[in-house]
Amino acid sequence: MCGIVGYTGNENVTPILLNGLKKLEYRGYDSAGIAVINEGKLELVKSSGMISALCEKVENRPAMKGTTGIGHTRWATHGAPTDQNAHPHMSNDGRFAIVHNGIIENYVDLREELIQCGFTFLSETDTEVIVHLLEMYYKGNFRAAVMKVASRLEGSYGLGCICSDHPDTVIAVKEASPLIIGVGAGETFFASDVTALVSYTKNVIYLDDGELCEMTPSGVSIYDFAGRRIEKPVSRVVWDIEAAEKGGYDHFMLKEIMEQPRALKTAIDHRIKDGRVVLDDISLTPDYLKTVNKIVILACGSAYYAGCAGKYTIEALTRVPVFAELASEFRYSNPIIDEKTLVIVISQSGETADTIAALKEAKSIGARTLAIVNVVASTIAKLADDVIYTRAGPEIAVATTKGYTTQVAVLYLFAVYMADILGKIDSAERMRLLSEIEKIPSMVQRAIDLNRHIPYLASKYYKNTSLFFIGRNTDYAACLEGSLKLKEISYIHSEAYAAGELKHGTITLIEPGRLVIALACCERLFDKMLSNIKEVKARGAKVLGVALEGNLRIFAETDDGISVPRFDPLFCSLAEVIPLQIFAYYVAKENGCDIDKPKNLAKSVTVE
Ligand code: M6R
């Protein structure tokens, strides 16, 4: 969850590290620090709080000059977010500094061992054992010492190490935590995310687990943990730095909401050719797909809700049962799956620990796995048998928007692809469905355009402290995502409820003035929804209705309305989520919340 960055070259390293950390801040933002080798000596600055607090500290001290250094932005796991627990951590002899992303599972034993050997610990972190081990094993060969340390560690680590005896060298190591090397002219970088590198170089090497990279200004050497040299390809990042900047918007979240028509176009367009879905990227054969008798979707948070939305469409088109399950629960549920089960894992980051664990479990039981992922070459993308990239571009706001909608769009494409293979739709129906899917980007733009009054609705309702989202079927899937968005960024309690369930207990919570957001785009269930709306209205609730454009019946029954463009009910819930994202955004803004970096959260959740 933390962000790490490192550099060695000929430039002043301090601004490079601070810029890199600003780009990575969304990965964790409770404390930060940098370490620089300045004239053969290690200098360290750390601060609790956001990167801005660290920058202030750096500005108010003598200049940190040097051309080699490392930096870290933290999401606390072991120990509170204090200056002392912030990274980098330094060895007792002042020779080594390290930054770490991940968790060292055997740190208690290692800590005990190191204390017995006379090392002093200054923090409560699991990470600090690494730097003392480094001091213990160092006999003049930096790489050999890092290699030895790696052999003692259990858990996950993206690690960056510097040593004052080797002022032109940075060593990075990867095990179950993302690490990318940037190769520039006369300079090399590492980072946990490509966003920190892309303004300096687009040439990157994606390290794999069990690899160590020794970097100097003149290039990189990569080794496996047995010390063998490995050659790895240099890849080219396809997007520009502007994609990871706010571009005039107040927040990344708003920018990413507005980017959705374009992101969806990129996710969809090249996958529809000559009236068919083309999934060139996957190797699932028609013969295999015909044997599938169950699909299990595994994911967390919004990605799980994308799975809930996709379930309706896949089941409707293929008639294969789909079970959307929380990845964090799946592995402990003694799951009933076999080689006839297709497991689809969904993850924007591709690094979510619970999803990775569930994917490994599914593979070990023999299921075939397909990942729907945004971040290229991420752990989930590499682990799954097949991967379909959502191609949403970098998503920086902690609350996902374009990440979610592109996942849903890919599930829609997959539904048509599989229905076609199973012979469940004829060519006329296939063409019709695909022409609907092709309209999604413009429908999403229309969903934005139709709802320019949402800032006004937010200013009317932002003081509510608890509210409900209700809906049925695909509307219910959209409720789940709309409610999470609101909770996540505005800190307002809300619950997503299947509308028919309210009367089985929860309706006791409906009282005068309670806001209920009623989603009623699923027109075949419209009358049922209308009854549910009347039930809550009769108990004094204020109702904000969400319905298809031109549905005057709902707007006659509700206090306020949000319109969603009309299109095929199978694909409607994607567009329905757009105004809910915008509502959450403006409610959070009214409440003065830190929208892009909500409290206690981080973008990618790499701990279980
Ligand atoms: O990177 P992932 O898609 O695997 O992340 C899963 C969840 O942590 C994520 O969707 C989370 O719920 C979002 N912050 C919600 O906006």
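Here the structure is a predicted model, which is why all the values come from computation and not from measurement.
At a cut-off of 3.5 Å, with distance as the only test, no side-chain donor of Arg391 or Asn374 sits close to an acceptor on the other residue. Ser302 and Glu481 are linked by a side-chain donor-acceptor pair at a separation below 3.5 angstrom, with hydrogens and angles left out of the test. Inspection of the Glu395 and Thr400 side chains reveals an N or O donor paired with an N or O acceptor under 3.5 Å. Counting only N and O atoms by type, the side chains of Asn10 and Thr67 include no donor and acceptor under 3.5 Å apart. A donor-acceptor contact closer than 3.5 angstrom is absent between the side chains of Thr390 and Gln407. With no hydrogens or angles considered, a side-chain donor-acceptor pair links Tyr137 and Arg152 at under 3.5 Å. Under 3.5 Å, the side chains of Tyr138 and Asp165 contain a donor-acceptor pair of N or O atoms. Inspection of the Glu128 and Ser123 side chains reveals an N or O donor paired with an N or O acceptor under 3.5 Å.
Judged by distance alone, with hydrogens and angles left aside, the side-chain atoms of Lys340 form no donor-acceptor pair with the main-chain N or O of Lys294 at under 3.5 Å. When atom types are taken as modelled, the side chain of Asp338 and the backbone of Gly366 share no donor-acceptor pair closer than 3.5 angstrom. Looking only at distances, a side-chain donor or acceptor of Lys402 sits under 3.5 Å from a matching main-chain atom of Pro394. A distance-only check finds a donor-acceptor pair linking the side chain of Trp75 to the backbone of Asn600 [under 3.5 Å].
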Thr379/Glu351 under side chain to side chain donor-acceptor pair (under 3.5 Å): CA gap, chis, key distance, verdict | CA-CA 6 Å; Thr379 304; Glu351 302 294 346; 2.6 Å; yes

List the steps and the verdict of side-chain contact (heavy atoms from CB on, under 4.5 Å) for Leu17 and Val36.
-> CA-CA 9 Å; Leu17 295 177; Val36 168; 4.1 Å; yes

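A 4.5 Å side-chain heavy-atom check between Ile4 and Leu159 finds every atom pair outside the cut-off. A heavy-atom distance below 4.5 Å is found between the side chains of Leu574 and Leu264.
Residues Lys23 and Asp193 are not paired through a salt bridge, judged by the lack of any N-O separation under 4.0 Å between the basic side chain and the carboxylate. Salt bridge present: Lys363 and Asp385 bring a charged side-chain N and a carboxylate O closer than 4.0 Å.
Within the structure, the salt bridge (charged side-chain N to carboxylate O under 4.0 Å, His left out) test picks out the following pairs touching residues 364-381 (sequence neighbours left out): Arg368-Asp386.
Residues Ser177 and Asp209 approach most closely at N-OD1, 4.3 Å, considering heavy atoms. In terms of heavy atoms, Ser192 sits closest to Ile180 at O-CD1, 4.1 Å.
The number of heavy atoms from other shown groups lying within 6.0 Å of CD (Gln84) does not exceed 12. Applying the 6.0 Å contact sphere to CZ of Arg262 captures no more than 12 heavy atoms from other residues, nucleotides or ligands. The 12-atom threshold is not exceeded at NZ of Lys41, counting heavy atoms of other residues, nucleotides or ligands nearer than 6.0 Å. Crowding of Asn334 atom CG: a count of heavy atoms from other residues, nucleotides or ligands under 6.0 Å not exceeding 12.
Screening Lys46, Glu43, Met64 for a side-chain contact (heavy atoms from CB on, under 4.5 Å) involving Ile34 leaves a single residue, Met64.
Ring orientation note: the planes of Phe225 and Tyr157 are close to parallel, at an angle under 30° on the 30°/60° scale.
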